[in-house]
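Notes follow once the structure below has been shown.
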Number of protein chains: 2
Amino acid sequence: MDEQERMEQGTGEILHPDLISSVNQDMPDEEMLYDLAELFRIFGDSTRIKILYVLFEAEMCVCDIAELLHMTQSAISHQLRVLKQSKLVKFRREGKTIYYSLADDHVRTIIGMGMEHLCE
Amino acid sequence: MDEQERMEQGTGEILHPDLISSVNQDMPDEEMLYDLAELFRIFGDSTRIKILYVLFEAEMCVCDIAELLHMTQSAISHQLRVLKQSKLVKFRREGKTIYYSLADDHVRTIIGMGMEHLCE
DNA sequence: ATATCATATGAACAGATGTTCAAATGAAAG
DNA sequence: CTTTCATTTGAACATCTGTTCATATGATAT
């Protein structure tokens, strides 16, 4: 009844009201979905993917990563900051240099999933 | 020798030359890493994540999705185009309406991985 | 202290991205 | 054919994002 009335009100946009309310109940809350998108957004940049891939192999300092990727040390530092904020990498200081490494194995798994999807 | 010379040439940026060349060999090619980033970039938007999540439950037409997400039908259509191009969703026509659904189970797995990472 | 080196940071700029609006398909019904 | 409805499309616009450049930390060595 409600839905039928709305359908006649002018917009006339609702085709399957029952389906809509059913799906609506099973949706995670807005915030969770936002956080999820935000997580993937971090992986959605070549430079950051490369940095993470490099750290697959070994912990490494900023200038080494910059050299490896043929990029400015500043650019790398900015991106490491993003990765740090998302808890995807961690770091330790040793004198003047700072060594970065993967925060945990989730990074490997997620990137692995992506690779699998591509290779098909 | 080579590396030492370069270190003294001026920039003085290379700290661990051996590590660099070792890691360099194990890196996937540029294009693969770019595609990988591109794939994740698709997941890195709230609207697209929501659309995918909705399609977890059932195939659905454009105006239903728009209604469900409280968004313009045009905005949804634009995003479905992106998802279509990335082969993440497929569609079938039935008269005037077009029904979209997930292309395969990889989408579920990848989003599942992201969720797992968040819930820790 | 001063110099040097590794890294971080802030402002600025160019390029990418998402939504909106208006208009165009494309299929069914009158 | 014309109308209606679901969807697509293109241009315009505002916002976001990544890199660069110049400068600031912060630690070591002289």
Side-chain angles (χ1 to χ4, degrees), chain A residues 7-16 19-20 33-34 37-38 40-52 59-86 89-101, chain B residues 7-17 19-20 33-34 37-38 40-51 59-86 89-101:
Chain A
M7 286 182 71
E8 289 159 0
Q9 264 187 3
T11 62
E13 274 173 11
I14 308 176
L15 283 194
H16 309 91
L19 181 56
I20 289 182
L33 292 170
Y34 181 83
E38 198 174 48
F40 284 122
R41 197 162 45 73
I42 306 296
F43 289 90
D45 174 79
S46 292
T47 302
R48 287 191 291 266
I49 282 278
K50 285 179 198 161
I51 292 178
L52 291 173
E59 75 172 0
M60 211 171 282
C61 67
V62 182
C63 66
D64 280 353
I65 301 177
E67 179 70 22
L68 207 43
L69 305 190
H70 309 293
M71 291 184 65
T72 309
Q73 167 271 333
S74 174
I76 301 296
S77 183
H78 276 296
Q79 296 298 6
L80 281 171
R81 186 167 183 271
V82 175
L83 293 170
K84 210 190 306 177
Q85 284 171 337
S86 314
V89 303
K90 58 179 194 266
F91 63 99
R92 74 184 171 84
R93 177 153 229 149
E94 193 178 308
K96 276 180 278 189
T97 86
I98 298 182
Y99 292 93
Y100 282 86
S101 57
Chain B
M7 284 182 71
E8 287 157 1
Q9 263 187 5
T11 61
E13 274 174 11
I14 310 175
L15 283 194
H16 310 91
L19 180 57
I20 288 183
L33 291 169
Y34 181 82
E38 198 174 49
F40 284 121
R41 196 163 45 74
I42 306 297
F43 290 90
D45 174 79
S46 292
T47 302
R48 287 192 291 266
I49 282 278
K50 284 179 199 163
I51 292 177
E59 73 170 4
M60 212 171 281
C61 67
V62 182
C63 67
D64 280 353
I65 301 177
E67 179 70 22
L68 206 42
L69 305 190
H70 309 295
M71 291 183 65
T72 309
Q73 170 268 339
S74 176
I76 300 296
S77 182
H78 276 295
Q79 296 298 5
L80 280 171
R81 187 167 183 271
V82 175
L83 293 170
K84 210 189 305 175
Q85 284 170 339
S86 314
V89 303
K90 57 179 195 269
F91 63 100
R92 72 183 173 84
R93 175 152 231 150
E94 194 177 307
K96 276 179 280 189
T97 86
I98 298 182
Y99 292 92
Y100 282 87
S101 56

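Numbers restart at 1 for each chain; the letters A, B, ... are given by sequence-line order, proteins then strands. Fair warning: this is a prediction, and the values are worked out from it, not measured in the lab.
Looking at which nucleotide of DNA chain D each of Gly44(A) and Ser77(B) is closest to, the 5′-most match is held by Ser77(B). Both Phe91(B) and Val82(A) sit near DNA chain D, but only Phe91(B) has its closest nucleotide nearer the 5' end.
Using a 4.0 Å cut-off, no side-chain N or O of Arg41(A) falls inside it from OP1 or OP2 of dT17(C). Listed pair Arg48(A) / dT17(D) fails the phosphate criterion, with no side-chain N or O lying under 4.0 Å from OP1 or OP2. Contact annotation: Arg81(A) side-chain N/O to dA8(C) OP1/OP2 distance is not under 4.0 Å. Not one side-chain nitrogen or oxygen of Thr72(A) sits closer than 4.0 Å to the OP1 or OP2 atom of dC21(D). Residue Thr97(A) places no side-chain N or O under 4.0 Å from the OP1 or OP2 atom of dA6(C). Using a 4.0 Å cut-off, some side-chain N or O of Thr47(B) falls inside it from OP1 or OP2 of dT19(C). Gln79(A) has a side-chain polar atom (N or O) that falls below the 4.0 Å cut-off from OP1 or OP2 of dT19(D). Considering only side-chain N and O atoms, Tyr100(A) lies nowhere under 4.0 angstrom from the phosphate OP1 or OP2 of dA6(C).
To the nearest angstrom, C1' of dT7(C) lies 16 Å from CG of Leu83(A). Rounded to whole angstrom, the span from the CG atom of Leu69(A) across to the P atom of dT20(D) amounts to 12 Å. Ile42(B) has its CD1 atom 15 Å from the P atom of dA16(C), to the nearest Å. Remark: C1' of dA6(D) and CZ of Arg92(B) are 14 Å apart, rounded to the nearest angstrom. Atom pair Tyr99(B):OH and dT8(D):P shows a separation of 13 Å (rounding to whole Å applied). Here the P atom of nucleotide dT7(C) and the CD1 atom of Ile51(A) are 13 Å apart, to the nearest Å. We find that CD1 of Ile76(B) is positioned 15 Å from P of dT9(D), with the value rounded to whole Å. Between the P atom of dT7(C) and the NZ atom of Lys84(A) lies a distance of 11 Å, rounded to the nearest Å.
Residue side chain Gln73(B) does not reach the base of dA6(D) through any donor-acceptor N/O pair under 3.5 Å, judged by distance alone. The base of dT7(D) does not come close enough to the side chain of Ser74(B) for any donor and acceptor atom to sit less than 3.5 Å apart.
Using the six-membered ring where Trp is involved, Phe40(B) and Phe40(A) have ring planes that are parallel, under 30° apart on the 30 and 60° scheme.
Ranking dA27(D), dG10(C), dT7(D) by closeness to the His78(A) side chain, first place goes to dG10(C). Comparing dA8(C), dC21(C), dA27(D) by their nearest atom to the side chain of Arg93(A) picks out dA27(D). Here the side chain of Asp45(B) is nearest to one of dG18(C), dT7(C), dT20(D), namely dG18(C). In this structure, of dC21(C), dA8(C), dT9(C), it is dA8(C) that holds the atom nearest to the side chain of Val62(A). Residue Ile98(A) has its side chain nearest to dT7(C) when only dT9(C), dG10(D), dT7(C) are considered. Which of dA6(D), dC21(D), dA8(C) sits closest to the side chain of Lys96(B) comes down to dA6(D).
Looking at Ile76(B), Leu69(B), Leu68(B) one by one, the single match for side chain to side chain contact (heavy atoms under 4.5 Å, CB included) with Lys50(B) turns out to be Leu69(B).
Between the Arg48(A) side chain and the Arg41(A) main chain, a donor and an acceptor come within less than 3.5 Å of each other.
Phe91(B) CZ: 12 or fewer foreign heavy atoms inside a 6.0 Å radius.
At least one side-chain heavy atom of Val82(B) sits under 4.5 Å from a side-chain heavy atom of Gln79(B).
Summarising the geometry, atom CE belonging to Met60(B) is positioned 12.0 Å from atom OG1 belonging to Thr97(B); distances are rounded to the nearest 0.5 Å.
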